[in-house]
Protein chains: 2
Amino acid sequence: MDRMDQKIVAILRRDGALTGVELGERVGLSASAAHRRVKAMEAEGLIRGYRVRFSPQALGMPSTLFVSVTLTDQRQETLERFEAALKRCEQVVEAHLMGGEIDYNVKLAIPADDSYERVHRDVLAVLPGVERLRSQISIRAVVEQA
Amino acid sequence: MDRMDQKIVAILRRDGALTGVELGERVGLSASAAHRRVKAMEAEGLIRGYRVRFSPQALGMPSTLFVSVTLTDQRQETLERFEAALKRCEQVVEAHLMGGEIDYNVKLAIPADDSYERVHRDVLAVLPGVERLRSQISIRAVVEQA
DNA sequence: TTTGAAACCTTAAACGC
DNA sequence: GCGTTTAAGGTTTCAAA
């Protein structure tokens, strides 16, 4: 991770579909040198993979829900069971163990053909160790994944 | 957007770096047919672009902060000024206009060499129209971007 | 580690089905 | 619509510096 790698990271963060040729031109290396650095970062785990950004239409116009979760206690076993259950929920897009009052902050994508009520009843209320849930609905995404 | 396109979306959601050849094999089309569909989805805006997933190390180990924002009022002009300012903040990774009590839910990435206190003082408190800020720190990401 | 070139693979258009 | 072919260009590897 030298200065050149950081330069490549900065460029690739903005556009993930750059060719080795263009990347090389932008950082001042040959195509193969630039490409080899990218492959090295992949091998080291600095680059975890590549993703396609889909429009909400392509994904069935899901709406976004944020749920603050308080568990019954903070015992390691309670956390582990809750996290394992979370990971199995396909509606869960992102989840964080939090500091402060709330234990978990969970982001869900709810398909257009599904209801918030059903997800609350069948997905969230079923999670093990939950004491309190506080849900907030996103009306509109203002900024997305810089 | 027929059944085949949905199949392609499902596969590409998991791995964004698939070639037309491999994609074709997985959905049961020729390489060129699969590739044509992907290009068509790009042209229609269903595919918005491609991103690289970096490890936190590659990005300087940023920590994640969630901030609930209440504005002084909900006038259109207040919202627009606040949103425009948000979009200029490079620390802001994601932001949603919310329903209910809180007006905005903002996710920030704070570089390891930066402090929460500085971001709160120089980035958040400076935003126009802010009445109240409630910050929560992520200790650990449990699920990320299914 | 870099470069430059060769071999290989992918992409994108043309054609017929 | 799909598949095959084909030319252009991108990727990957390798020898040499």
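Since this is a predicted model, take the numbers as computed values, not measurements. Lettering of chains follows the sequences in order, A, B, ..., and the numbering in each one begins at 1.
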Is a donor-acceptor contact shorter than 3.5 angstrom present between the side chain of B:Arg36 and the base of D:dG3?
yes
Of A:Ser32 and B:Ala33, the one whose closest DNA chain D nucleotide lies more 5':
B:Ala33
Quick check for you: among C:dT10, C:dT2, D:dT4, whose closest atom lies nearest to any side-chain atom of B:Val21?
C:dT10
Atom CE of B:Met41 and atom P of C:dT11: how far apart are they, to the nearest Å?
14 Å
What residue among A:Val106, A:Asp103, A:Leu124 forms side-chain contact (heavy atoms from CB on, under 4.5 Å) with A:Val69?
A:Val106
Take the protein atom CE of B:Met4 and the nucleotide atom C1' of D:dG1, then report the distance between them rounded to whole Å.
11 Å
Any B:Arg37 side-chain heavy atom under 4.5 Å of B:Asp5 side chain
yes
Can you measure A:Leu29 atom CG to C:dG4 atom C1' for me and round it to whole angstrom units?
14 Å
Minimum-distance nucleotide (side-chain atoms of A:Arg37 versus C:dT1, D:dT13, D:dG3):
C:dT1
With a 3.5 Å distance limit and no angle check, can you tell me whether B:Arg51 reaches the backbone of A:Asp15 through a side-chain donor-acceptor pair?
no
Once you round it to whole Å, what is the distance between C1' of C:dT10 and NE2 of B:His35?
8 Å
Quickly work out the B:Leu23 CG to C:dC9 P distance and round it to whole Å.
19 Å
Base, sugar-phosphate, or nothing: which does B:Thr19 touch, judged by heavy atoms less than 4.0 Å apart?
sugar-phosphate
B:Glu22 CD to C:dT11 C1': how many Å, rounded?
16 Å
Can you tell me the distance, in whole Å, between the CD1 atom of B:Ile8 and the C1' atom of D:dG1?
13 Å
What's the CD-P distance between A:Glu25 and D:dG9, to the nearest Å?
14 Å
Under 4.0 Å between a Lys/Arg side-chain N and an Asp/Glu carboxylate O for A:Glu83 and B:Arg140?
yes
